[in-house]
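Heads up: the structure comes next, in structure tokens.
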Amino acid sequence: MSEIFKITKIRRDPYFNMPSAHLHPMYEIYYLQSGTRKIFLDDSIYILNKGDMVFIPMNTIHKTSYVNDKVHERIAITFNDKAIPDIKSSAYQVSFKKIFRSEPVIHITSVHKLYRGTFEQDVV
């Protein structure tokens, strides 16, 4: 991937599996807009449901696969270090890296999902 910043939205058929696990020199924010998916991330497996978000660090092996016979849609935001303003503050560097190294999956509760429509409209 040579792009500095990219947003993709994809709707996949039921039973879609990524062909293989992969990694890339990009950060990735994966937002599951509809459906259910299983994600293998580094050395863990998570079940994702509609509204869940995953923070995938650079060069981290990952792969998604199907859980059921439903269509799923996802938005992926990928970016590299060049997309991030010059980070001079070590506190900022630690905070940014912590987002991608702490619990990688955010399961959004129904209260937070009330705001999901705005996120999707702003991103897409």
Side-chain angles (χ1 to χ4, degrees):
M1 288 185 191
S2 61
E3 297 176 61
I4 295 172
F5 182 88
K6 183 178 180 181
I7 299 174
T8 57
K9 179 179 178 179
I10 295 177
R11 179 183 171 98
R12 301 264 194 206
D13 293 329
Y15 305 111
F16 172 80
N17 277 328
M18 293 181 80
S20 62
H22 67 283
L23 55 88
H24 39 75
M26 308 282 281
Y27 295 99
E28 182 174 343
I29 300 172
Y30 179 105
Y31 174 74
L32 190 61
Q33 195 172 7
S34 68
T36 303
R37 298 293 286 163
K38 183 173 14 179
I39 186 167
F40 164 74
L41 181 61
D42 206 9
D43 61 356
S44 300
I45 296 174
Y46 302 89
I47 299 295
L48 305 177
N49 293 298
K50 177 181 177 179
D52 288 348
M53 191 175 293
V54 184
F55 294 90
I56 304 170
M58 290 191 316
N59 300 313
T60 299
I61 193 161
H62 59 285
K63 175 185 177 179
T64 64
S65 58
Y66 74 92
V67 172
N68 57 31
D69 62 351
K70 306 287 188 235
V71 169
H72 80 278
E73 293 178 276
R74 62 96 172 136
I75 297 170
I77 302 169
T78 54
F79 57 97
N80 64 23
D81 289 329
K82 292 179 182 176
I84 304 166
D86 189 21
I87 301 173
K88 295 187 179 179
S89 161
S90 62
Y92 183 80
Q93 287 179 4
V94 169
S95 297
F96 180 78
K97 290 178 181 177
K98 188 175 181 180
I99 291 170
F100 283 86
R101 284 290 175 202
S102 59
E103 187 60 35
V105 176
I106 297 175
H107 299 287
I108 301 175
T109 65
S110 58
V111 173
H112 293 112
K113 285 183 183 179
L114 293 174
Y115 301 101
R116 189 185 72 248
T118 302
F119 171 77
E120 291 170 2
Q121 290 168 6
D122 290 345
V123 170
V124 181

When rounded to the nearest 0.5 angstrom, what distance separates CG in D42 from CD1 in I56? 11.0 Å
Tell me whether I77 shares a hydrophobic cluster with M53, the cluster being built from Ile, Leu, Val, Met, Phe, Trp, Tyr side chains joined at under 4.5 Å. yes
Residue K38 excluded, over 12 heavy atoms near NZ under 6.0 Å: no
Between Y27 and P57 the two heavy atoms that sit nearest each other are CD2-CA, 4.3 Å
Chi angles and distances behind the side chain to side chain contact (heavy atoms under 4.5 Å, CB included) call for Y30, T64: CA-CA 11 Å; Y30 179 105; T64 64; 4.1 Å; yes
Using the side chain to side chain contact (heavy atoms under 4.5 Å, CB included) rule, take K6 and M26 through it: C-alpha gap first, then chi angles, then the decisive distance, then the call. CA-CA 10 Å; K6 183 178 180 181; M26 308 282 281; 5.7 Å; no
Tightest non-hydrogen contact, residues L48 and L32, listed as O-CD2, 3.5 Å
Scan the side chains in residues 66-73 for donor-acceptor partners under 3.5 Å anywhere in the protein, sequence neighbours excluded, and list what turns up.
from, atom 1, to, atom 2, distance (Å)
N68, OD1, K70, N, 3.1
H72, NE2, R37, NE, 3.4
E73, OE1, S34, OG, 3.3

Check for me, please, whether I45 and L23 land in the same ILVMFWY cluster - side-chain distances under 4.5 Å, paths through other members count. yes
CZ of R74 to NZ of K9, rounded to nearest 0.5 Å, is 11.5 Å
Same cluster or not: I10 versus M18, using hydrophobic residues (I, L, V, M, F, W, Y) connected whenever any side-chain heavy atoms lie under 4.5 Å apart? no
What verdict does the side chain to side chain contact (heavy atoms under 4.5 Å, CB included) test give for E3 and N80, after you've listed the backbone C-alpha separation in whole Å, the side-chain angles of each residue and the deciding distance to 0.1 Å? CA-CA 8 Å; E3 297 176 61; N80 64 23; over 6 Å; no
Do H62 and E28 come within less than 4.5 Å of each other through their side chains, counting heavy atoms only? yes
For residues F55 and I47: do they belong to one hydrophobic cluster (side chain heavy atoms under 4.5 Å, members Ile, Leu, Val, Met, Phe, Trp, Tyr)? no
Same cluster for F79 and I106 if Ile/Leu/Val/Met/Phe/Trp/Tyr side chains link at under 4.5 Å? yes
Looking only at heavy atoms, what is the nearest atom pair of Y31 and G51, with distance? CE1-O, 3.6 Å
Closest non-hydrogen contact found for S65 with N17 is CB-OD1, 2.6 Å
